[in-house]
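To start, the structure under review is shown below, and the notes come after it.
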Amino acid sequence: MSRWLTRCLLLCCLLLLAGCPKSASKGSALDEAQYGYSAAIRWGDFEGAWNLVDPEVRRAHPLTDIDFSRYKQVQISSYRDVGASVLGNGDVVRDIEIGVINRNTLAERTVRYRERWRYDPQARSWWLVSGLPDLWGE
């Protein structure tokens with residue numbers, strides 16, 4: 001009886017291991033990228049968030065030290081996803097509401113921002129193509 005039980009347990013373990021995913025799916029990769037990006041923004045790590053921007057966008061529109069120093073003048077008080085959709089070409093857009101506090105005046109305001117994400121099959125990665133949020137726009 002104990003041999004039979006041992007074999008059953010071994011078989012169950014093998015079946016469980018066979019069911020484990022070998023790599024992250026495209027959807028879970030998007031969730032991870034968006035989570036990492038939103039965490040970087042929430043914590044004010046704009047340099048880290050910049051690393052999730054599409055390399056082509058970074059080359060076309062590089063940020064300077066002065067640009068990054070502007071982000072140090074604000075503190076993020078909230079970051080809220082208010083809607084998302086998938087475009088016909090497979091890109092994903094997400095509407096975001098960001099609470100921004102000016103560190104000098106301590107005035108808080110809300111900024112709306114639309115993220116656009118593109119999947120790169122060669123890199124097996126999602127990239128933000130909309131760039132960092134403009135926290136100073138009208």
query: For Arg103 and Leu106, which heavy atoms make the closest approach, and how far apart are they?
result: O-CD2, 3.9 Å
query: What closest approach, in Å, do Ser130 and Tyr113 show between heavy atoms, and which atom pair accounts for it?
result: OG-OH, 3.3 Å
query: Hey, are the side chains of Glu97 and Tyr79 touching, using non-hydrogen atoms and a 4.5 Å cut-off?
result: no
- request: Provide the closest heavy-atom pair for Leu132 versus Phe46 in the form atom of the first, atom of the second, distance.
  value: CD1-O, 3.9 Å
- prompt: Rounded to the nearest 0.5 Å, how far does OG of Ser38 lie from CD1 of Ile96?
  reply: 7.5 Å
task: Looking only at non-hydrogen atoms, find the nearest pair between Gly131 and Tyr37 and report the distance.
output: O-OH, 3.9 Å
message: Membership question, hydrophobic clusters at under 4.5 Å side-chain separation (ILVMFWY): are Trp117 and Val129 in the same one?
response: yes
- prompt: Should side-chain heavy atoms under 4.5 Å link Ile, Leu, Val, Met, Phe, Trp and Tyr, which residues sit in the same cluster as Val93?
  reply: Leu87
field: Reference residue Val74; test side chain to side chain contact (heavy atoms under 4.5 Å, CB included); the match among Ile101, Leu135, Ile98, Val111
entry: Leu135
field: Atom pair CZ/CZ of Arg112 and Arg80 - distance to nearest 0.5 Å
entry: 7.5 Å
Using a 3.5 Å cut-off and no angle test, enumerate the donor-acceptor pairs between side-chain atoms of residues 57-66 and protein atoms at least two apart in sequence or in another chain.
residue : atom : partner : partner atom : Å
Arg58   : NE   : Val53   : O            : 2.9
Arg58   : NH2  : Val53   : O            : 3.3
Thr64   : OG1  : Ile66   : N            : 3.3
Thr64   : OG1  : Asp67   : N            : 3.2
Thr64   : OG1  : Asp67   : OD2          : 3.2

Ala40 versus Gly48, closest heavy-atom pair with distance: CB-C, 4.4 Å
task: Of all the heavy-atom pairs spanning Trp126 and Gly90, show the shortest one and how long it is.
output: CH2-O, 3.8 Å
field: Interatomic spacing from CG in Asp54 to CG in Leu128 - rounded to 0.5 Å
entry: 8.5 Å
- line: Output for pair (Asp95 CG, Glu115 CD), nearest 0.5 Å, gives 9.0 Å
- line: With sequence neighbours left out, the residues meeting side chain to side chain donor-acceptor pair (under 3.5 Å) with Asn51 are none
- prompt: Between OG of Ser77 and CZ of Arg42, what distance do you get to the nearest 0.5 Å?
  reply: 11.5 Å
- request: Show your working on side-chain contact (heavy atoms from CB on, under 4.5 Å) between Val100 and Ile76 and close with a plain yes or no.
  value: CA-CA 5 Å; Val100 181; Ile76 304 303; 4.3 Å; yes
field: Rounded distance [0.5 Å steps], CD in Gln73 versus CZ in Phe68
entry: 14.5 Å
field: pair Gln34-Asp81: side-chain heavy atoms closer than 4.5 Å
entry: no
- request: Would you please indicate yes or no on a ring centroid separation below 6.0 angstrom for Trp136 and Tyr71?
  value: yes
